[in-house]
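Here is the structure we will look at.
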There are 2 protein chains.
Amino acid sequence: MPVAPLFRPIDVAPAYQKVADAIEREIVNGRIKPGDPIGTEHDLVRQFGVNRSTIREGIRVLEEGGLIRRDSSRRLHACLPRYSKLASRLSRALVLHEVTFRELYEASMTLEVASIEGAVERASEENVAELADNLARSEAVVGNPAMLAECDAEFHVLVAKASQNRVLQLAREPAAQLFYPTTEMIVTGVAEGGPRLVAAHRHLIDAIRRRDREAGVLWTRRHLQDWRRGFEKIASLDRSVEHMYMEHAQAARRR
Amino acid sequence: MPVAPLFRPIDVAPAYQKVADAIEREIVNGRIKPGDPIGTEHDLVRQFGVNRSTIREGIRVLEEGGLIRRDSSRRLHACLPRYSKLASRLSRALVLHEVTFRELYEASMTLEVASIEGAVERASEENVAELADNLARSEAVVGNPAMLAECDAEFHVLVAKASQNRVLQLAREPAAQLFYPTTEMIVTGVAEGGPRLVAAHRHLIDAIRRRDREAGVLWTRRHLQDWRRGFEKIASLDRSVEHMYMEHAQAARRR
DNA sequence: ACTCTAACTTTGTCGGACAAAGGGACAGAA
DNA sequence: TTCTGTCCCTTTGTCCGACAAAGTTAGAGT
């Protein structure tokens, strides 16, 4: 016979966790707004009535979660979590779960197509200008695989931004971060890779300008299929993402 | 005139960060495998030659990132970051960025359709069984909005799982976590909401069983449109996601 | 072989300490 | 006035040592 639920489970979280939770609550429910100062560690010691070491452990948790940062003078502020930083956590997780390039490819096909559709529909003048600027820089470094791969990654971030849909922007980022290093390898290994990549970007900008959804989708598909063909010259799609790719995601996180 | 780049910026990361980075590197590059013990704090003090407080701050960073956990006896282990925990970080970020329900809806339309397509193509017997089990439980609680909403959230997690694409699984989760609380409100407010929801699930399972892609996509669209219609009876799609929704995501994180 | 207890280890927290770096005020130089 | 160097105070990052509570291990006794 089950016992009558006389007692609720009591909260036995360690103190540093409670400190972190308390500050998190205030930020998430909006009482502390992004940019607001949190106060010094000593202030927090007084407010929470715990030791500074405990406060500091709590602060580390929030810092890692992207909810607070230290400014140039190391003072604490609430802040809006940055997508690229959060996404690199996810990229890391995907690597550890040993996802395959096939999964990456399939998901990206969906996400990038959705991005371009949004961009075609809603891109602003400024979005297009950013994309055009990126294209110009890409054309200038078409012979440099590393820099071209970086431009490519930025290009797709800008397309997602142009979609004006931040959920999509965030959803595509983890997979995109894992693509980036392979793009470099492919452009290095496949002679016509660089020019084809830049040409695809040019068509994509054109499609956005003309609000031509069909063309946007078509060229996004081609662009990704190009990646796939290039990749399959190097390795199998069923290979899992290698640990070494994390270096790039780590670099992105610190930025 | 720009100065010749004689010096590189020097690395002045604090000690606790270096500790965290060093351990993270070993985990991510695979030298420490998930499940492996990390050693006691005292061990780490000896190995890194820094104070225990410093070690502990580094550990908090890794713990929050999901790379290590403490087992029942509080000993440290490397572990695979859990999707739902990471996703709740993203949900939190989306709330803070004040994304609109329109963004959520549009992105989910893409992501859930992609999930069902994958599920129709690749769902295993076991996946279908899990879905059927979920459906049975849903039917049993069709009069209870809170429990039905929970079942609905689980259903879509299971569909994504059935797609066998972990990238997709991860990408859809942050948006899905924000959907969940509204589902409850809608089912509460709209009389025929519950039965329609369950009926849609039944059709989806059926589509997966028959490997009928068209039907799967169709019913996913209808299911989401139902949500939208229900939501618009309550509020505008252009409203931003409210802070209160975070409670659910926070609960998910702790699990 | 099993249980119970005592000793040991580990974690979470505390208090205090100090060097390095930043910010602010202030005086003197250009 | 504007700039610069100096002094002082605050804050952070790190260290040391300590202790209670909870978990682990080993040994005693059955």
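Chain letters run A, B, ... following the sequence lines, proteins first and then strands; every chain starts at 1.
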Check your understanding: Taking for each residue the nucleotide of DNA chain C bearing the nearest heavy atom, is the 5' side occupied by A:Ser72 or by B:His42?
Key ->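 It is B:His42, whose closest nucleotide lies nearer the 5' terminus.
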Check your understanding: If you find the nucleotide of DNA chain C closest to A:Ala15 and the one closest to A:Arg75, which residue's nucleotide is nearer the 5' end?
Key ->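 Between the two, 5'-proximity favours A:Ala15.
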Taking only the side-chain nitrogens and oxygens of [X], find out if one of them lies under 4.0 Å from OP1 or OP2 of [N].
X       : N      : answer
B:Asn51 : D:dC16 : yes
A:Arg60 : D:dG13 : yes
A:Arg56 : D:dG13 : yes

Check your understanding: Just wondering, more than 12 heavy atoms not from B:His42 lying within 6.0 Å of its NE2?
Key ->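 Check fails, neighbour count at 12 or below.
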Exercise for review: Can you establish whether the number of heavy atoms outside B:Arg31 located under 6.0 Å from its atom CZ is more than 12?
Suggested key: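 No.
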Point to revise | Among D:dC16, D:dC19, D:dG13, the one nearest B:Arg52 by side-chain distance | key: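 Nearest nucleotide to the side chain: D:dC19.
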Review point. At their closest point, which heavy atom of A:Ser91 faces which heavy atom of A:Gln177, and how far apart are they?
Key: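 So the two residues come closest at OG-OE1, 3.1 Å.
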Exercise for review: Indicate whether any N or O donor in one side chain lies under 3.5 Å from an N or O acceptor in the other, for B:Thr100 and B:Glu103.
Suggested key: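 B:Thr100 vs B:Glu103: donor-acceptor pair found between side chains.
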Check your understanding: Mind checking which nucleotides bracket the chain B contacts on DNA chain C, 5' to 3', with an atom under 4.0 Å from a heavy atom?
Key ->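 First and last nucleotides in contact are C:dT10 to C:dT13.
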Review point. Of B:Leu111, B:Val99, B:Leu178, which is the lone residue that meets side chain to side chain contact (heavy atoms under 4.5 Å, CB included) with A:Val167?
Key: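 For A:Val167, the side chain to side chain contact (heavy atoms under 4.5 Å, CB included) check succeeds only for B:Val99.
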Point to revise | Of A:Ser73 and A:Ser53, the one whose closest DNA chain D nucleotide lies more 5' | key: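 Its nearest nucleotide being more 5', the pick is A:Ser73.
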Point to revise | Residues B:Asp21 and B:Lys18 bridged, charged N to O under 4.0 Å | key: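 Salt bridge flag = no for B:Lys18 with B:Asp21.
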Exercise for review: Calculate the interatomic distance between B:Leu44 atom CG and D:dC15 atom P; express it in whole Å.
Suggested key: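 Distance check: B:Leu44 CG to D:dC15 P gives 14 Å.
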